[in-house]
Amino acid sequence: MAESITPQSEDFSRWYLDVIREAELAENSPVRGSMVIRPYGYEVWENIQEALNLRFKATGHRNAYFPLFIPMSFLQREAEHVEGFAPELAVVTIGGGKELEEPLVVRPTSETIIGYMYSRWIRSYRDLPLLINQWANVVRWEMRTRPFLRTMEFLWQEGHTAHATAEEALEHTRRMLDVYADFAVNEAAIPVIKGIKSEREKFAGAVASYSIEAMMANGWALQSATSHYLGDNFAKAFDIKFLDEENQVRNCYTTSWGLSTRMVGAVIMTHGDDQGLRLPPRLAPIQVVVVPIWRSEDQRAGVLEYASRVEAALRDAGIRVQMDAREDQTPGFKFNDWEMRGVPVRVEIGPRDMQQNAIVLARRDRPGKEGKTFGVPVEQAAVRTRELLEDIQASLLAQATERRDANTRYVADYETFKAVLDSEGGFLKVHWAGTSEDEARIQEETRASLRCLPLESTEGQGRCFLTGALTDRVAIFARAY
RNA sequence: CGGGGUGUGGCGCAGUCUGGUAGCGCGCAGCGUUUGGGACGCUGAAGUCAGAGGUUCAAGUCCUCUCACCCCGACCA
């Protein structure tokens with residue numbers, strides 16, 4: 001059978017689309033730019049949701065739900081906000097067959113309607129901080145779309161908090177950025193750089209935007225989550241005020257932060273290889289697949305029974321396991337099929353293993369025989385599998401980190417910048433003292449954008465690679481999705 | 001919105017130049033043999049050839065119009 005996945009080296013973009021199709025993660029819908037998330041893809045998203053919900057609740061947030069439709073006038077209350085989102089709004093003007101008095105915007109994000117509600121809910125400093133998250137779909141009218149990375153409608157969570165002081169709000173913004181980074185590293189096995197967005201790239205209406213930036217396998221950057229410090233911009237626009245301990249009326253300070261189904265794309269493009277998907281065990285819908293093997297009909301029942309016992313033992317140990325007892329496929333087909341779908345561990349069980357009271361463990365992150373361990377005693381199945389899953393989780397992170405670091409280069413001048421970008425790609429680290437106009441020009445000329453100013457850097461002072469001015473600010477440029 | 005391309009069983013395509021029975025591979029269904037790295041045989045189901053109009057004895061094929069989708073750019077979680 002012909003290989004149905006284009007090699008990464010041949011065409012990364014085709015590879016990405018092939019993997020999504022073959023692994024049955026998602027599919028284009030009849031509506032241009034909108035996709036259908038299929039069960040396997042949605043299960044990855046559910047695991048992301050679960051891991052984030054745990055973290056949000058541990059940091060004191062509660063989930064709620066706000067409406068899909070937002071009065072147009074709400075968006076207009078914050079000048080920068082409406083200006084930023086206007087080009088990508090979907091607007092409802094007719095309802096029930098009648099022209100609406102006021103058009104309703106299909107939410108591109110919910111700062112405004114949540115701000116409106118917060119102004120009603122917050123009266124006193126005792127009501128603060130108000131920490132709420134919502135899981136929702138949002139719509140942004142996009143020119144060009146790509147499954148998971150950019151679709152007209154996407155799923156995400158948006159956290160919205162209100163605080164008594166600027167310091168506390170800013171601190172919360174940073175705390176949630178840390179939560180995202182922790183999630184990315186420890187659940188998705190994706191190393192990220194925490195940074196602050198340039199004036200040009202920040203969220204419309206924010207005082208400051210922070211992001212975690214990840215590097216995909218082709219060296220491109222992907223903004224994987226954002227956290228915004230909104231200052232009192234939205235508090236002013238929506239009258240979010242409270243009485244402090246001295247009975248003084250004061251403005252709140254708000255934050256918002258989000259992570260979307262784009263993260264599924266990040267997982268695909270960070271870990272995938274030419275065989276297909278490679279899922280980090282913690283997010284994998286199926287962590288272990290059991291493939292029974294028999295030669296003759298009289299072996300069949302015995303092998304299946306033995307394999308079922310192993311399956312049960314793994315399930316009892318809390319492992320997400322699935323048996324593949326399909327009789328119309330050969331073991332070889334199944335091996336390739338599940339590897340393509342990114343299942344981290346495969347248990348192979350045949351008559352020979354049964355005879356030795358053993359199983360074979362095969363790990364997805366190492367190809368072929370090299371990734372197999374033969375003769376694992378069956379009574380150790382659960383323990384050894386669990387160890388293996390943890391090892392794979394760590395190994396995926398290590399591989400991604402190594403690649404990211406190997407493709408991050410400091411450059412000192414613009415000529416080198418352009419040369420390195422064309423020959424190597426990846427992240428380009430520079431000292432930066434340029435303006436927004438400089439930034440726009442660089443993007444125009446090189447198609448690389450300023451991803452962030454990293455919060456942590458060891459470069460110290462140096463000369464701006466563009467202007468030559470002395471600065472201690474460091475920036476990362478890259479081509480980005 | 002500019003540039004390029006494609007529409008033919010579920011998927012990938014050939015057939016269009018030169019009009020004459022709608023085909024191939026994969027997949028799907030049934031039966032049998034297989035099963036430790038992408039098995040094989042036989043049988044079978046499945047197509048208003050993107051749509052509309054026209055030319056013709058006859059249109060997937062020629063002419064006119066329309067629509068849809070994909071790729072490359074400008075905008076973006």
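Every chain is numbered from 1, with letters handed out A, B, ... down the list of sequences. Keep in mind that what you see is a predicted model, and the values were worked out from it rather than measured.
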Among the nucleotides [options], which one has an atom lying closest to any side-chain atom of [X]?
| X | options | result |
| --- | --- | --- |
| A:Asn28 | B:G37, B:A77, B:C70 | B:C70 |
| A:Arg140 | B:A77, B:U35, B:G37 | B:A77 |
| A:Thr330 | B:G38, B:A77, B:C70 | B:G38 |
| A:Leu17 | B:C71, B:C75, B:G36 | B:C71 |

What integer number of Å spans the [atom1] atoms of [N] and [M]?
| N | M | atom1 | result |
| --- | --- | --- | --- |
| B:U61 | B:G53 | P | 14 Å |
| B:C24 | B:C42 | P | 14 Å |
| B:A59 | B:A22 | P | 12 Å |
| B:A14 | B:G25 | C1' | 10 Å |
| B:G36 | B:G30 | P | 22 Å |
| B:C40 | B:U21 | P | 34 Å |
| B:C1 | B:C75 | C1' | 12 Å |
| B:U55 | B:G15 | P | 29 Å |

May I ask you to say whether [X] pairs ionically with [Y], meaning some side-chain N is under 4.0 Å from a carboxylate O?
| X | Y | result |
| --- | --- | --- |
| A:Lys194 | A:Glu213 | no |
| A:Arg38 | A:Glu27 | yes |
| A:Glu305 | A:Arg309 | yes |
| A:Arg364 | A:Glu339 | no |
| A:Arg326 | A:Asp324 | yes |
| A:Asp422 | A:Arg479 | yes |

For A:Glu348 and A:Met143, take the nucleotide of RNA chain B holding the closest heavy atom to each; which residue's nucleotide lies nearer the 5' end?
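Result: A:Glu348.
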Of A:Gly368 and A:Arg451, whose nearest nucleotide on RNA chain B comes first from the 5' end?
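Its nearest nucleotide lies further toward 5', so the answer is A:Gly368.
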Could you give the [atom1]-to-[atom2] distance, from [X] to [N], as a whole number of Å?
| X | N | atom1 | atom2 | value |
| --- | --- | --- | --- | --- |
| A:Glu22 | B:C11 | CD | P | 14 Å |
| A:Trp141 | B:A77 | CH2 | C1' | 17 Å |
| A:Glu297 | B:U34 | CD | C1' | 11 Å |
| A:Arg295 | B:A39 | CZ | P | 14 Å |
| A:Glu444 | B:G73 | CD | C1' | 11 Å |
| A:Ile48 | B:A77 | CD1 | P | 19 Å |
| A:Gln299 | B:U35 | CD | C1' | 10 Å |
| A:Arg200 | B:C75 | CZ | P | 8 Å |

For [N], which nucleotide is its Watson-Crick or G-U wobble mate, given both distances must be under 3.5 Å?
| N | value |
| --- | --- |
| B:U34 | none |
| B:G73 | B:C1 |
| B:U16 | none |
| B:C67 | B:G7 |
| B:A29 | B:U43 |
| B:U48 | none |
| B:C62 | B:G54 |
| B:A22 | none |

What contact category does [X] fall into here, base, sugar-phosphate, or nothing, at under 4.0 angstrom with non-hydrogen atoms?
| X | result |
| --- | --- |
| A:Leu149 | base |
| A:Arg32 | sugar-phosphate |
| A:Arg146 | nothing |
| A:Ser449 | nothing |
| A:Phe203 | nothing |
| A:Gly350 | base |
| A:Gln223 | sugar-phosphate |
| A:Val291 | nothing |
| A:Thr226 | nothing |

Check: [N] base within 3.5 Å donor-acceptor of [X] side chain:
| X | N | answer |
| --- | --- | --- |
| A:Arg447 | B:G73 | no |
| A:Lys372 | B:G37 | yes |
| A:Gln329 | B:G38 | no |

Given side chains that start at C-beta, do those of A:Trp432 and A:Leu450 come closer than 4.5 Å, heavy atoms only?
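The answer is yes; the side chains approach within 4.5 Å.
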When you measure from the centre of the six-membered ring of A:Phe183, is the NZ or CZ of A:Arg55 closer than 6.0 Å and no more than 45° off the axis?
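Cation-pi check for A:Arg55 and A:Phe183: fails.
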According to a cutoff of under 5.5 Å between the ring centres and under 30° between the ring planes, does A:Phe333 stack with the base of B:A39?
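By the stated criterion, A:Phe333 and B:A39 do not stack.
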Anything under 30° is parallel, anything over 60° is perpendicular, the rest tilted; go ahead and classify A:His81 against A:Phe234.
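It falls in the perpendicular class, over 60°.
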